[in-house]
Amino acid sequence: MTDQQESVREIRINPIVPTESVLVSTARGMRPRKDEEPAPRDSRKHVDRCPFCTGNEHMTPPTVSSSPSEEKWSVRVVENLYPVLGDDSQSSNLVFGLQQAIDGYGRHEVIIDHPEHGIAIQDMSEDHLFRLTGVYRDRIRALYRADERIQYVLVFKNFGPAAGASIAHTHSQVIAMPVVPENVYNEVTHSRKYFEKNRQCIFCSLIDEALTFEATIYDRESGAVRRQFNVGQYVIERGEHFVAIKPFASRYEWEIHILPLRHRSDFVDISDDERHDLARVLKHSMTRLDAVIGGAQYNFFLHSIPHNNEFSHCNDSYHWHLEICPRTSIPTGFELGSGLFVSTISPEQAAEQLRAVELE
Ligand SMILES: [Zn+2]
Ligand SMILES: [Zn+2]
Ligand SMILES: [Zn+2]
């Protein structure tokens with residue numbers, strides 16, 4: 001028996017980025033709370049006025065690429081109509097005292113994930129997800145190659161209004177940036193420090209721990225069992241090449257990370273064999289999430305080694321991963337003001353519930 005039914009209140013430090021922490025306070029989750037109705041899922045297959053639906057290709061900005069072909073596409077990439085970063089900026093980097101500005105150079109593309117309007121990731125076939133992740137890889141590669149000023153290419157997805165999706169039709173986005181985003185920078189530098197001390201990748205260590213860790217913590221006074229860690233307590237899904245885990249210090253209650261089981265720093269080096277397995281692990285993880293929280297609205301994003309010389313020595317210390325962050329609550333003033341995320345379900349309990357979902 002573990003203490004999983006008891007309430008937990010502790011601050012958990014993110015092992016990879018120790019400046020990030022999470023307050024796990026499950027008693028708070030037991031407060032009577034008026035649950036918001038989840039937004040009704042848009043299950044329509046085709047919407048006449050949707051620019052991303054088939055037949056409406058003329059309504060989008062120019063096509064960047066289509067897969068497998070322009071006429072019969074299953075994944076289509078277009079330029080973003082409202083780019084966050086663009087290549088029209090003339091100014092050079094400005095430095096004035098403590099105020100430093102970097103030219104907002106970059107590229108912003110939209111990946112239309114699927115021709116069907118309201119289809120969710122878990123409903124796409126594994127073959128389709130194999131194709132979609134192939135498009136992610138190709139766009140990342142192409143955008144790094146297109147301009148040497150590009151420091152990072154971020155692939156992400158917003159699904160549902162709570163996750164910031166402004167167009168209902170399922171899509172992902174790619175932003176090529178002139179800077180390495182701070183959270184990727186922190187992950188790369190902190191994991192490097194760990195590597196220099198321990199000669200091992202911290203992500204690999206965390207996977208090893210998630211797969212094999214077993215320990216019991218006893219109360220010093222009474223000798224009673226205070227907490228028991230089980231084998232695979234944080235594992236949600238395991239494939240041949242990938243594992244989906246619930247991070248020990250999860251910022252979001254239902255957050256899941258998918259990582260390659262073998263050490264890999266760069267997503268673009270993924271083999272076809274690995275990509276088939278990724279499609280399966282992603283589909284299964286999203287199916288579990290959807291079964292537990294129903295109509296999941298989420299963001300996911302890829303963190304991979306930046307392609308610039310500054311980090312070329314970090315290939316053995318950084319490990320690429322996909323972070324899936326379901327949006328089940330709106331951050332409060334406390335969370336934004338303190339930077340301390342509050343989780344009202346313990347990651348162990350969340351993992352147990354996700355694992356318990358029976359897949360067909
Ligand atoms: Zn549509
Ligand atoms: Zn690793
Ligand atoms: Zn990350």
Side-chain angles (χ1 to χ4, degrees), residues 14-20 22 41-60 73-76 78 110-120 124 152-156 159 165-172 180-196 198-211 241-252 255-267 269-270 274 299-306 311 314-325 341:
N14 179 343
I16 299 152
V17 181
T19 49
E20 270 178 16
V22 177
R41 175 113 140 253
D42 190 340
S43 56
R44 290 173 294 175
K45 288 199 165 166
H46 190 273
V47 174
D48 288 346
R49 296 172 63 87
C50 169
F52 294 170
C53 276
T54 34
N56 296 342
E57 288 79 2
H58 62 282
M59 289 164 72
T60 64
W73 59 269
S74 10
V75 181
R76 195 171 154 246
V78 299
V110 174
I111 300 174
I112 304 167
D113 296 338
H114 198 284
E116 271 181 40
H117 186 82
I119 192 169
M124 297 178 193
Y152 194 75
V153 181
L154 180 70
V155 170
F156 63 99
F159 191 77
S166 52
I167 292 185
H169 193 121
T170 181
H171 65 282
S172 312
V180 174
E182 192 185 358
N183 47 6
V184 176
Y185 180 87
N186 282 341
E187 284 184 0
V188 175
T189 48
H190 284 293
S191 57
R192 186 68 208 169
K193 279 187 204 141
Y194 180 91
F195 185 88
E196 276 160 9
N198 302 285
R199 307 315 296 170
Q200 211 203 344
C201 158
I202 188 166
F203 296 88
C204 285
S205 307
L206 287 170
I207 294 170
D208 286 346
E209 250 176 43
L211 292 174
H241 299 289
F242 286 88
V243 66
I245 58 164
K246 186 85 195 70
F248 162 77
S250 298
R251 294 156 301 175
Y252 300 93
E255 183 173 350
I256 297 177
H257 291 187
I258 297 180
L259 304 97
L261 279 164
R262 282 156 212 93
H263 183 80
R264 302 274 188 272
S265 60
D266 199 342
F267 171 75
D269 294 334
I270 191 168
E274 288 169 334
N299 302 103
F300 73 45
F301 37 86
L302 264 175
H303 279 168
S304 185
I305 188 114
F311 300 111
C314 296
N315 277 305
D316 44 8
S317 52
Y318 192 65
H319 197 122
W320 79 258
H321 53 275
L322 179 75
E323 299 191 22
I324 305 166
C325 302
F341 283 78

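One-based numbering, in listed order, for ligands and for the atoms of each.
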Which angle, to the nearest 10 degrees, do you find at the Zn ion (ligand 3) between OE2 in Glu187 and OE2 in Glu323? 110°
Proximal heteroatom of His117 relative to the Zn ion (ligand 1) (N/O/S): ND1
Of all the N, O or S atoms in His169, which one sits nearest to the Zn ion (ligand 1)? ND1
Glu209 side-chain N/O to Leu206 backbone N/O, donor-acceptor pair under 3.5 Å: no
Is a side-chain N or O of Lys45 found less than 3.5 angstrom from the main chain of Gly118, in a donor-acceptor match? no
Just to confirm my numbers, could you give the angle made at the Zn ion (ligand 2) by SG of Cys201 and SG of Cys204, rounded to 10°? 110°
Is the distance from the ring center of Phe203 to that of Tyr318 below 6.0 Å? yes
First locate atom CG of Asp316, then atom OG of Ser191, and finally report the distance between them rounded to the nearest 0.5 Å. 10.0 Å
If you draw a 6.0 Å radius around CZ in Phe156, do more than 12 non-hydrogen atoms from other residues or ligands fall strictly inside? yes
Looking at the Zn ion (ligand 2), which N/O/S atom of His319 is the nearest one? ND1
Can you name the N, O or S atom of His263 that is closest to the Zn ion (ligand 2)? ND1
Within less than 2.8 Å of the Zn ion (ligand 1), any N, O or S from Cys53? yes
For side chain to side chain donor-acceptor pair (under 3.5 Å), just list the numbers for His321 and Glu187, CA-CA rounded to whole Å, side-chain angles, deciding distance to a tenth of an Å, and then say yes or no. CA-CA 11 Å; His321 53 275; Glu187 284 184 0; 3.2 Å; yes
Checking distances from the Zn ion (ligand 3), one finds that the N, O or S atom of His303 closest to it is ND1
